[in-house]
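Before any comments, here is the structure.
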Amino acid sequence: MHELSLCENLLDQVIKIAQQHQAKNIESITLNLGPLAGIEPLLLDNAFKILKIDTVVANAQLIINSTPIIIQCQQCGEQSSATNNYLVCPSCQSNDTQLISGDELTLASVALYTAT
Amino acid sequence: MCNTCGCNVTPGNRSLIQNEKPKEGLTTISVLQNLLTHNNTQADHNRVHFDAEKVLVINLMSSPGSGKTSLLESTIKQLKESLSIAVIEGDLETENDAQRIQAQGVPAYQITTGTACHLDAHLIHNVLHHMPLKGLDLLFIENVGNLVCPASFDLGHHRNVVLLSVTEGDDKPSKYPVMFKAADLVLITKTDLLPYLDDFSIDNAKQNVHNLANNAPTLTVSAKNNQGMDEWISWLKSEINQHQVLLSNHQTQKPKVQQDGALLHAKATPHKFYPVKTHQQ
Ligand SMILES: Nc1nc2c(ncn2[C@@H]2O[C@H](COP(=O)(O)OP(=O)(O)OP(=O)(O)O)[C@@H](O)[C@H]2O)c(=O)[nH]1
Ligand SMILES: [Mg+2]
Ligand SMILES: [Zn+2]
Ligand SMILES: [Zn+2]
Ligand SMILES: [Zn+2]
């Protein structure tokens, strides 16, 4: 259940951003979450619902975008999509691939109302 | 570090950060910050502690009961005359494992995590300020028995060893890709039981790790009859030597936990303590 502590980090970061932009209200928080990040979106959402109470993000909606698994082959250079447990290049069968998307958990954006 | 030139934008996330038509007073702020930044910053700090004392730190991960503590007991028996070793034990409850290690005559520190199913860099740092690192050659961290969460947390260690006992089945690397992708070494344990199992194939287990684009070596061991212990001990010794070479060049190494995608897409950790080079097998 480290979704709870991740969510604390998330709120810290969002609250900082809200202060920087003198936000009156936060409408939504968008995360990018890859299937290989090892994070369960449902648990993250539940943690968010608990932790947001009585904070500046209390009214905000959490949007979790699932990013695709994309690998880049270091042998033939091909970019391809892949699945959780098969990260081998479909063009040349090399397993010398790098994940270019699919294992991230990032705060992508915050939509907020500024005091104007 | 740069949101202005758009180098954070990749095919995976381009669609997610395109600005929408603003409502009155509504602004969308692009951030792209890694949510594990807190942990990673602390982990880098821990690594500075370890590297200052030139100790190689190995994180052992597996499902509950795969034989982490038994492996440590046998390893310590063989190495304690020639190397100075200590162990940090992570468990949800009980100090049993630390007591088993202390019985072997080396220092062991227990972290009981309560409900947290993994160790993180902050928990390790709390211990560091109570344990003498001076003079140590090798520090093992036995993580909480769990094939899921521990894989995502850099503790400031240098190498990940993932254990897979033969009774768990050779398909586990495919079922727990995040964990097995993070392995710098896969150790297939309890091989003394292989004669009783008709469906565990070491080759299949290796193939499943290979399919995760992980070319980490695989070794087999039994803590009961000592099969494979020599190769495991040689691996440890060569890792210690390689690490000393890196340190003498003012470099260090990180375990595979570092997520490629997360690093590519997010802002980097704000501080680095000194040149860090990921070392490949
Ligand atoms: N047959 C056999 N049994 C083993 C071997 N290694 C460990 N065991 C047994 O497996 C059980 C669990 O071993 P531990 O070493 O406590 O496993 P662990 O991974 O430290 O367990 P947790 O810390 O609780 O996750 C014990 O009953 C051990 O005796 C082995 O090589 N062969
Ligand atoms: Mg144990
Ligand atoms: Zn966890
Ligand atoms: Zn290829
Ligand atoms: Zn410190």
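Below, chains carry the letters A, B, ... as their sequence lines are ordered, and counting in each starts from 1. If you're wondering where the values come from, they're calculated on a predicted model, not measured in any experiment.
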Select one option (side chain, backbone, both, neither) describing which atoms of D120(B) are under 4.5 Å from chain A's heavy atoms. neither
Any side-chain heavy-atom pair of I29(B) and Q20(A) under 4.5 Å: no
Here the pair of heavy atoms bringing A37(A) nearest to S152(B) is O-OG, 3.3 Å
Can you name the nearest heavy-atom pair linking L26(B) to E27(A), along with the distance? CD2-OE2, 3.6 Å
Where is the tightest heavy-atom contact between H210(B) and N95(A), given as atom of each residue plus distance? O-ND2, 2.8 Å
If you look only at pairs with a residue in residues 48-64 of chain A, which of them pass as a salt bridge (Lys or Arg N to Asp or Glu O under 4.0 Å), with sequence neighbours excluded? D45(A)-K49(A)
Checking I17(A) against chain B: side chain, backbone, both or neither under 4.5 Å from a heavy atom? side chain
For the residue pair N85(A) and L212(B), establish whether any side-chain heavy-atom pair is separated by less than 4.5 Å. yes
Is the closest side-chain heavy-atom distance between V148(B) and E40(A) below 4.5 Å? no
Spacing of K181(B) atom NZ and L99(A) atom CG [to the nearest 0.5 Å]: 5.0 Å
According to salt bridge (charged side-chain N to carboxylate O under 4.0 Å, His left out), who are the partners of D96(A), at least two apart in sequence or on a separate chain? none
State the CG-CG distance between N211(B) and N84(A), to the nearest 0.5 angstrom. 12.5 Å
Side chain, backbone, both or neither: which part of D12(A) has an atom under 4.5 Å from a heavy atom of chain B? side chain
